[in-house]
> 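Dropping the structure in here first, questions after.
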Amino acid sequence: MSVHALKRPLVLEWPAERLDNLPNALEQLHHWAQITPLRTALRHKRQGQWYAWRWIDTLRDVERLADGLRQQGFSEQSRLALSGAYEPNLLLLALAAQSVGGQVLTLADDLDAEALQQQLWRIRPTHSYVQGRQQVRHWQAANVLDFNQLLGPADPAQHVQRWWQPRDETLLWSEEGTHWQGGLAVVLAQWLSSGHGLAFPESQASSRRDRTEVAPTGLLLSSPRLQHVADDIESRLAPHGTWRRRLCDWAIAHPQSGLRRLLKNRVRKLLGFQRLAYIWQPLKSTDEPTWLAEFKRDIA
């Protein structure tokens with residue numbers, strides 16, 4: 001691809017978007033690596049095992065990935081396209097590409113093969129990163145990057161370690177991917193501005209189980225995913241019209257009821273929300289499911 005082609009104005013339409021509005025991201029990363037270098041920045045479950053990255057390791061990995069990108073010809077004139085579930089590798093690559101000065105684009109990870117090829121032709125990435133062999137096969141023409149090759153040789157024990165959770169740790173949680181419009185900017189901004197740890201499940205299919213293991217203090221989820229959580233709650237309650245369901249509805253409608261507190265605590269534990277203190281939502285949100293509204297009232 002020629003530099004002239006890259007300089008043509010790139011008009012993006014969903015399901016593709018540019019990662020913008022993060023002018024202080026790298027400064028914030030340096031800040032947390034300096035003042036809390038040994039605190040955990042990222043957590044991710046891989047092959048049934050939790051792993052953690054400290055802030056200082058996160059910064060070092062971003063710097064090493066930036067060097068690896070430069071060696072692969074990535075520059076201020078380049079475009080990196082990202083697609084897949086949010087997890088440490090994707091976030092680190094986005095920050096590394098920004099540190100080099102190139103453009104970072106995301107493409108929804110739920111496109112069929114034909115729609116994907118149309119979008120790749122439109123956004124014309126010079127480099128790309130996707131997850132899974134099946135996805136890579138459809139992206140071959142887009143210069144797919146190998147994360148481990150970019151990172152270079154490293155002692156895994158230096159930056160990826162067996163995980164345990166201090167009781168007082170603040171921990172954000174996301175179980176999303178690039179199908180969330182605007183989501184990557186939200187996740188990066190909330191994580192880097194707060195200095196809290198950020199955790200990801202092994203997969204969306206295992207998200208509820210993995211969420212209960214970490215008991216996050218904050219949720220970074222899209223409106224559809226929050227609705228999915230609400231539907232999960234609904235599926236665990238007694239069917240409508242039964243006496244047990246009428247009892248549940250009565251308990252929720254009576255704030256002073258001891259049964260209400262008991263029921264809510266049980267639901268919280270089932271979903272891994274027993275430490276929940278924050279739910280991110282856009283300024284303009286639609287009507288909230290009853291149980292999530294209850295959790296938000298408790299938080300307030």
> Are the side chains of W32 and R39 in touch, meaning some heavy atoms are under 4.5 Å apart?
no
> Do W14 and L111 share a hydrophobic cluster (ILVMFWY, side-chain heavy atoms under 4.5 Å, transitive)?
no
> Within the side chain of H44, is there an N or O that forms a donor-acceptor pair under 3.5 Å with the backbone of P201?
yes
> Heavy-atom distance under 4.5 Å between the side chains of S83 and H138, does that happen here?
no
> Which heavy-atom pair separates A85 from D109 by the least distance, and what is that distance?
N-OD2, 3.8 Å
> Output yes when a side-chain donor or acceptor of T178 lies under 3.5 Å from a complementary backbone atom of L107, and no otherwise.
yes
> Is the shortest side-chain heavy-atom distance between L120 and P125 below 4.5 Å?
yes
> Rounded to the nearest 0.5 Å, what separates atom CG in D61 from atom CH2 in W53?
8.5 Å
> Within a reach of under 6.0 Å around CD of Q34, are more than 12 heavy atoms found that belong to other residues, nucleotides or ligands?
no
> Does R122 offer a backbone N or O that forms a donor-acceptor pair with the side chain of R124 under 3.5 Å?
yes
> Check whether E176 reaches the backbone of S222 with its side chain - one donor and one acceptor, N or O, closer than 3.5 Å.
yes
> Should we say atom CD of Q140 is surrounded by more than 12 heavy atoms from elsewhere, each under 6.0 Å from it?
yes
> Side chain to side chain contact (heavy atoms under 4.5 Å, CB included) for L188 and L19? Distances and angles first, verdict last.
CA-CA 10 Å; L188 285 170; L19 180 63; 3.9 Å; yes
> So do L151 and L92 actually touch side chain to side chain, heavy atoms under 4.5 Å?
no
> Can you find a pair of side-chain heavy atoms, one from Q119 and one from P15, that are under 4.5 Å apart?
yes
> A81 and W139: which non-hydrogen atoms are nearest, and at how many Å?
CB-CZ3, 3.9 Å
> Main chain of A115, side chain of D112: is a donor-acceptor contact present, judged purely on distance under 3.5 Å?
yes
> Show the numbers, then the answer: is there a side chain to side chain contact (heavy atoms under 4.5 Å, CB included) between L221 and H228?
CA-CA 10 Å; L221 302 178; H228 175 83; over 6 Å; no
> T126 and N143: side chain to side chain contact (heavy atoms under 4.5 Å, CB included), yes or no, with the steps?
CA-CA 7 Å; T126 60; N143 191 15; 5.7 Å; no
> Tell me whether L198 shares a hydrophobic cluster with I35, the cluster being built from Ile, Leu, Val, Met, Phe, Trp, Tyr side chains joined at under 4.5 Å.
yes
> Can you tell if the side chain of R79 reaches within under 4.5 Å of the side chain of I123, non-hydrogen atoms only?
no
> Side chains of R211 and F273: closer than 4.5 Å at any heavy-atom pair?
yes
> Judged by atom type as modelled, is there a donor-acceptor pair below 3.5 Å linking the side chain of R275 to the main-chain atoms of E169?
yes
> Looking only at atom types and distance, does a side-chain atom of S206 sit under 3.5 Å from a main-chain N or O of R209, one as donor and one as acceptor?
no
> Are more than 12 heavy atoms from other residues, nucleotides or ligands located less than 6.0 Å from atom CH2 of W121?
no
> Measuring from L276:CG to L171:CG, what's the distance to the nearest 0.5 Å?
11.0 Å
> Taking R64 first and then D67, would you say they form a salt bridge - that is, a charged N and a carboxylate O separated by under 4.0 Å?
no
> To the nearest 0.5 Å, what is the distance between CZ (R225) and OG (S207)?
4.0 Å
> Using modelled atom types only, decide if a donor and an acceptor are shared between the side chain of T58 and the backbone of A41 within a distance under 3.5 Å.
no
> Could you go step by step and tell me if D57 and L42 meet the side chain to side chain contact (heavy atoms under 4.5 Å, CB included) rule?
CA-CA 10 Å; D57 304 317; L42 295 167; over 6 Å; no
> Can you find a pair of side-chain heavy atoms, one from Q131 and one from L90, that are under 4.5 Å apart?
yes
> Please state whether the rings of W55 and W191 are parallel, tilted or perpendicular, taking 30° and 60° as the class boundaries.
parallel
> With the 4.5 Å side-chain cut-off for hydrophobic clustering, are L150 and V100 part of the same group?
yes
> Quick one: pull up OG in S128 and CG in L82 and give me the separation to the nearest 0.5 Å.
8.5 Å
> Do you know the tightest heavy-atom contact between F200 and P88?
CD1-CD, 3.7 Å
> Which distance, rounded to the nearest 0.5 Å, do you find between the CG of L184 and the CG of L22?
7.5 Å
> What is the ring orientation for W180 with Y86, classed by angle as parallel under 30°, tilted 30 to 60°, or perpendicular over 60°?
tilted
> Say whether, by atom type as modelled, one donor and one acceptor occur between the side chain of H196 and the main chain of G218 under 3.5 angstrom.
no
> Closest heavy-atom contact between L26 and L95?
CD2-O, 3.6 Å
> Enter the distance from L105:CG to H127:NE2 here, rounded to the nearest 0.5 Å.
12.5 Å
> I need the minimum non-hydrogen distance between Y278 and W280, along with the two atoms involved.
OH-CD1, 3.3 Å
> Taking all non-hydrogen atoms of both residues into account, name the closest pair between A96 and S99 and its distance.
O-OG, 2.6 Å
> Can you spot which of E202, E213, E175 makes a salt bridge (charged side-chain N to carboxylate O under 4.0 Å, His left out) with K45?
E213
> So, does E87 use its side chain to make a donor-acceptor pair with the main chain of N89 at under 3.5 Å?
yes
> Would you say I56 and L65 are hydrophobically clustered, going by side-chain heavy atoms of ILVMFWY under 4.5 Å?
no
